[in-house]
S.K.: 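This structure is in C-alpha cells; I'll ask about it shortly.
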Amino acid sequence: MAVEIVIIGIIILFVMSYTGRINTNKFIADNEVYFKKLKEEDWDFYVKAKYGDGVNGDVLFNKRIRNGLIVMVVLMFCFISKLNYVTILFSILGGVLIFKLDYFNIRKYYKRHLHEIDAMLPHYLKSLEILIQHYTVPVAIGKSIDDAPAIFKEGLHELINEINSGNDKIDPYVNFAKQYPVRDSMRMMRLLYRLSLGRQEHKQDQLLAFSKTISNLTQKARDIKYKQRLEKMESKTMSMLVTTGLGVMVLLIFAVLMLMGT
C-alpha cells in the first residue's frame, strides 16, 4: 500500500508542477533570503574552480535546494501512513543529505585537482611581474585580466573595481586571497600590495624579491607535480607486480593440483 501511495504522490507532484500549481522555482525565489543562509561560504569558489565563469553558482545552488525539497516531500509520502516526529525528522535529514551531496562532490573534486588549481597562481603572477616592470600594480592587474586563468577573472575585476573606487588599503588584496584560498595566495597578495606602495626608486629591488618568491612557488609546484608522477608510477608498478605475482601463484597452484591429480 505504501508503494502505491508514493507513486500516486509522485504523479500528483508531477502534474501540479507541470500545470504550474506548484512552482518550486518561484517558491525558492520568494524565500531566497532564508535559503541563502544555507549557502556555504566557499561554494562559489568551488563552482568556479570546476566550471569556470560559464556556470552561475547561484543557479546550481537553487537546483540543490529544489532537489532537497523534492526528496523531502517524497520521503514524507513514503511515511504518510505512519507520519510522526521521527519520520518527519528522517525526511528532513534525507532532504538535507541530498542538498549537501553536490557540495561534498564539488569539494572532493577541488581537493583532487588542488595542485592543478594552485599551479595557475605562480604562472599568472609571472605574467603579472612582466607587466609591473612597465606599469603600476593596479594598471598591470587590469591589463592582465584578459590572459588570466578563468577562475581568477571575476576576483580580479572585483579587486580592480575596489582599487579604482579609491580603496588604497590592503583590504582589496586580502579579499582576493580569501576568495581564492589556494596555496600562498594570501602571502603573494600582501607582496603585491607592498609593491604597489613602493617608491619608484625601490621598485626594482621589490620586483626582484617578488620574482624570487614566484620562482620558489613555481619550483614548489614542479616538485609536487614530479612527486605525484613518481607516486603514480610506483603505484602502477606495484599493481603490476602484485597482479603478476598472483597470476604466478594461481598457475603454480593449478600445476600442483594437476600433478596431485595424476
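In this chain, numbering begins with 1 at the start of the sequence shown.
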S.K.: Under 3.5 Å, side chain of Lys153 to main-chain N/O of Asp146, donor-acceptor pair present?
M.R.: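 Flag set: sc Lys153 to bb Asp146 pair under 3.5 Å.
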S.K.: Any chain of hydrophobic side-chain contacts (each under 4.5 Å) joining Ile160 to Ile130?
M.R.: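 Not linked; separate clusters.
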S.K.: Check the pair Leu125 / Glu129 against side-chain contact (heavy atoms from CB on, under 4.5 Å), numbers first and verdict last.
M.R.: CA-CA 6 Å; Leu125 292 173; Glu129 176 199 347; over 6 Å; no
S.K.: Run the ring pair (Phe, Tyr, Trp, His ring centres under 6.0 Å) check on Phe104 and Tyr109 step by step: do they pass?
M.R.: CA-CA 9 Å; Phe104 293 143; Tyr109 167 88; over 10 Å; no
S.K.: Quick one: does Trp43's side chain have a donor or acceptor within less than 3.5 Å of a partner on Tyr103's backbone?
M.R.: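 Looks like no, no N/O pair under 3.5 Å.
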S.K.: Tell me, do Ile163 and Asp168 make a side-chain contact under 4.5 Å, heavy atoms counted?
M.R.: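 In short, these two side chains do not touch, never coming nearer than 4.5 Å.
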S.K.: So which atom in Gly57 and which in Val47 form the shortest heavy-atom distance, rounded to 0.1 Å?
M.R.: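 Closest pair (atom of Gly57, atom of Val47, distance): CA-CG1, 4.0 Å.
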S.K.: Are Ile88 and Phe90 co-members of a hydrophobic cluster defined by side-chain heavy atoms under 4.5 Å apart?
M.R.: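 Yes; tracing contacts between hydrophobic side chains, which count when under 4.5 Å, links both residues.
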S.K.: For the pair Glu40 and Arg107, find out whether any cationic side-chain nitrogen is under 4.0 Å from an anionic carboxylate oxygen.
M.R.: no
S.K.: Can you find a heavy atom in the side chain of Leu192 that is under 4.5 Å from one in the side chain of Leu128?
M.R.: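 SC-SC contact between Leu192 and Leu128 confirmed.
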S.K.: Identify the two heavy atoms, one from Tyr124 and one from Ser144, that lie closest to each other, and give their separation to 0.1 Å.
M.R.: OH-OG, 2.8 Å
S.K.: I would like to know whether Arg190 and Tyr173 meet side-chain contact (heavy atoms from CB on, under 4.5 Å); could you show each step before the answer?
M.R.: CA-CA 7 Å; Arg190 290 182 183 278; Tyr173 297 88; over 6 Å; no
S.K.: Report the relative orientation of the aromatic rings in Phe99 and Phe61; use parallel for angles under 30°, tilted for 30 to 60°, perpendicular for over 60°.
M.R.: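 Perpendicular, since the angle between the ring planes exceeds 60°.
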S.K.: Can you name the nearest heavy-atom pair linking Ala148 to Leu156, along with the distance?
M.R.: CB-CD1, 3.6 Å
S.K.: State whether the side chain of Asn175 and the backbone N or O of Asp171 hold a donor-acceptor pair below 3.5 Å, judged by distance alone.
M.R.: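 Flag set: sc Asn175 to bb Asp171 pair under 3.5 Å.
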S.K.: If Ile, Leu, Val, Met, Phe, Trp and Tyr residues are connected whenever their side-chain heavy atoms lie under 4.5 Å apart, and connections chain through other members, are Val71 and Leu97 in the same group?
M.R.: no
S.K.: Which atoms form the tightest heavy-atom contact between Leu131 and Ala140, and what is the distance?
M.R.: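 Looking at all heavy atoms of both residues, the closest pair is CD1-O, 3.5 Å.
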S.K.: Do Leu101 and Phe35 sit in one hydrophobic cluster, given that two such residues count as connected whenever their side-chain heavy atoms are within less than 4.5 Å of each other, even indirectly?
M.R.: no
S.K.: Taking the side chain as every heavy atom from C-beta outward, state whether Ile65 and Leu38 have any pair of such atoms under 4.5 Å apart.
M.R.: yes
S.K.: Among Lys36, Lys50, Lys39, Lys178, exactly one meets salt bridge (charged side-chain N to carboxylate O under 4.0 Å, His left out) together with Asp44. Which residue is that?
M.R.: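 Only one option passes, and that is Lys39.
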